[in-house]
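Heads up, the thing below is written out as structure tokens.
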Amino acid sequence: MSKYPFPESFLHYIWRFQLYDKRFLRTAEGQEIQLVYPGHWNQHAAGPDFSDARIYIGGTLWAGQVEVHKRASDWLRHGHQNDPNYENVILHLVYDEDQVIRRADGSRLPALALRGRISPALFEQGMRLLGELEQPIACGPQLPQIDPLEWSIWLERLTIERLEQKAAALRKRLSHWRGDWTACFYEQLIAHFGLGQNAENFQRLGQALPYRLWRKYLGRPKQLEALFFGRAGFLAQTEDDYSQALAQEYAYLQEKELLGTALPLAWNFGGLRPSALPSFRLVLLLGLLQKEKLWSKFMEVDSLKALQALFGVKINSPYWLSHYRLGKKSQARKQKSLGKESIQLLFINFLAPFRFLHAQANGQEKEVELLLDLLGQLPAENNQILRNWGGWDISAKDAQQSQALIQLYKCYCVERRCLSCSIGHRLIRNQALEP
């Protein structure tokens with residue numbers, strides 16, 4: 001077993017929250033240490049681990065950086081002695097000072113060793129959370145210890161974090177469109193209409209058919225359908241009169257718009273419900289795109305009823321009422337539409353994050369509150385991640401909480417970021433701090 005069976009991040013955590021015995025602090029040379037401020041944690045920045053620390057060492061107030069290592073010799077092992085970014089380090093925080101470290105001028109770098117200053121209970125809890133490699137939710141057995149109010153506050157923060165994460169990806173596409181919200185909205189609406197293994201194909205299709213191109217064919221449904229089906233590669237083989245007519249129309253548009261060859265997309269049809277087949281999803285999407293002022297109307301939606309009414313596309317085409325794929329007839333139905341559950345998933349995964357991004361850009365705090373309220377009115381998703389939480393008697397009462405639990409699982413539990421998680425932090429703080 002390793003002499004140091006803990007990650008360096010554990011010592012970062014101990015220093016950041018001052019979870020060690022602070023009595024009679026002295027450097028290895030015997031100089032008294034009095035902490036004023038431990039410094040700002042530079043989690044992702046290059047250079048020393050903490051900046052702007054203020055510490056009395058030997059009666060003198062020092063301001064500068066703190067570097068953290070398991071062993072003092074790691075300073076040399078990491079090459080800090082040759083890095084000018086480390087010239088302003090005022091304290092070397094280590095678990096063991098196994099070697100004297102000197103600055104470029106020959107003076108000894110003050111070191112504080114934490115061995116014997118971290119309580120065994122704290123160590124045990126930290127290692128329990130960080131060491132459960134076979135259990136994604138490492139704190140599962142201890143979750144009943146968490147106060148319900150603290151759990152609720154953390155989940156709300158995670159919901160915001162998830163919206164911010166999704167909005168960050170959308171912001172890159174908005175930058176691509178140079179701030180054109182309408183063009184970005186429609187591109188991403190197309191991109192997010194795909195399901196499962198076909199999601200990436202819809203994303204590529206959205207980027208290959210920009211708003212400025214297809215909007216010219218609004219009001220001409222056959223040409224719009226030919227444009228999308230042809231670009232998606234669904235017209236390479238025609239098996240009935242309807243698909244042949246679309247192929248002919250696409251050949252004309254292909255030459256007119258200088259489109260080039262169809263996209264090389266590998267569509268997946270296997271094992272899917274008829275309503276989830278990519279060809280039929282594309283038909284539903286085209287119904288949405290032809291709705292007048294969809295973008296501006298969506299920005300005014302303030303209730304689930306309004307959301308369902310705006311995105312509740314109904315299929316009127318006689319051909320598609322008896323088909324889910326081109327050339328393959330199915331039992332005719334009186335009505336086909338975009339289902340309630342599909343609209344809810346579209347809102348959770350795209351519409352809410354997009355409006356969140358818009359609200360952020362315009363400083364609209366009430367908009368954020370509205371989005372959280374709408375998510376709170378939607379039912380929770382049902383997927384494997386939420387079933388994993390169910391194994392510990394944790395369930396989501398609505399989509400706001402299910403999104404939070406997904407964020408917690410993906411970005412904290414799986415990544416073993418227990419030390420950055422409010423729950424992990426609480427469980428560790430609950431342990432005795434005395435050595």
Side-chain angles (χ1 to χ4, degrees), residues 166 169-170 172-173 176-177 183-214 217 221-289 313 315 317 319-320 322-330 336 338-339 341-343 345-346 348-350 353 381 383-385 410:
K166 291 180 178 180
L170 294 170
K172 292 180 181 179
R173 295 309 301 169
H176 169 81
W177 287 107
C184 184
F185 172 81
Y186 282 111
E187 178 200 74
Q188 291 302 303
L189 176 62
I190 297 169
H192 284 82
F193 224 75
L195 300 173
Q197 296 180 12
N198 292 308
E200 185 177 346
N201 288 338
F202 271 86
Q203 189 172 33
R204 293 180 62 187
L205 185 62
Q207 295 181 12
L209 284 172
Y211 176 62
R212 61 173 178 75
L213 171 62
W214 60 259
Y217 298 98
K222 284 303 174 189
Q223 288 189 312
L224 189 67
E225 187 174 338
L227 181 64
F228 273 80
F229 271 80
R231 203 78 182 103
F234 287 134
L235 302 178
Q237 294 181 340
T238 55
E239 301 182 24
D240 58 12
D241 293 342
Y242 188 88
S243 55
Q244 287 176 7
L246 285 180
Q248 291 174 0
E249 189 66 52
Y250 179 66
Y252 164 74
L253 295 174
Q254 195 174 19
E255 183 175 348
K256 177 184 176 182
E257 301 290 353
L258 304 175
L259 294 177
T261 58
L263 296 175
L265 303 177
W267 294 98
N268 175 49
F269 285 85
L272 297 176
R273 301 189 313 273
S275 60
L277 293 174
S279 50
F280 187 67
R281 292 287 295 180
L282 193 52
V283 173
L284 292 169
L285 172 64
L286 292 173
L288 265 183
L289 297 182
V313 179
I315 302 300
S317 164
Y319 182 84
W320 287 110
S322 60
H323 291 75
Y324 287 98
R325 298 179 63 171
L326 286 171
K328 297 188 181 298
K329 195 167 185 177
S330 61
K336 291 180 181 179
L338 185 61
E341 184 178 336
S342 292
I343 296 174
L345 287 175
L346 188 64
I348 291 170
N349 294 320
F350 164 59
E381 300 112 294
N383 55 41
Q384 186 57 53
I385 290 178
K410 285 186 172 182

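Computed from a prediction, not measured in an experiment: that's the story for all the values here.
Contact between I190 and L205 at its shortest, heavy atoms only, is CG2-C, 4.3 Å. Across all their heavy atoms, F229 and V283 have their closest contact at CZ-CG2, 3.8 Å. Of all the heavy atoms in V313 and G287, the pair that sits closest is CG1-CA, 3.8 Å. Scanning all heavy atoms of the two residues, the minimum distance from R281 to S342 falls at NH1-OG, 3.5 Å.
For W320 and E225, the side-chain atoms include at least one donor-acceptor pair closer than 3.5 Å.
Under the 30°/60° scheme for interplanar angles, the aromatic rings of F280 and Y324 are found to stand perpendicular. Using bins of under 30°, 30° to 60° and over 60° for the plane-to-plane angle, the ring pair F350/F185 lands in the tilted bin. Using the six-membered ring where Trp is involved, W267 and F202 have ring planes that are perpendicular, over 60° apart on the 30 and 60° scheme.
Under the side-chain hydrogen bond (donor to acceptor under 3.5 Å, both in side chains) criterion, E249 pairs with Q223, sequence neighbours left out. Considering only residues two or more places apart in sequence or on other chains, R204 meets the salt bridge (Lys or Arg N to Asp or Glu O under 4.0 Å) condition with none of them.
Aromatic pair Y250/F228: ring centres not closer than 6.0 Å. The aromatic ring centres of Y211 and W177 sit 6.0 Å or more apart.
Although no hydrogens or angles enter the test, the distance criterion places no donor-acceptor pair under 3.5 Å between the side chain of N198 and the main chain of G194. Looking only at distances, a side-chain donor or acceptor of Q254 sits under 3.5 Å from a matching main-chain atom of G260.
By the neighbour-count criterion of 12 heavy atoms within 6.0 Å, atom CD of E200 is sparsely surrounded, having that number or fewer from other residues, nucleotides or ligands. In this structure, D241 places its CG atom where only 12 or fewer heavy-atom neighbours from other residues, nucleotides or ligands lie under 6.0 Å away.
A distance of 5.5 Å separates CG of L285 from CG of L189, quoted to the nearest 0.5 Å.
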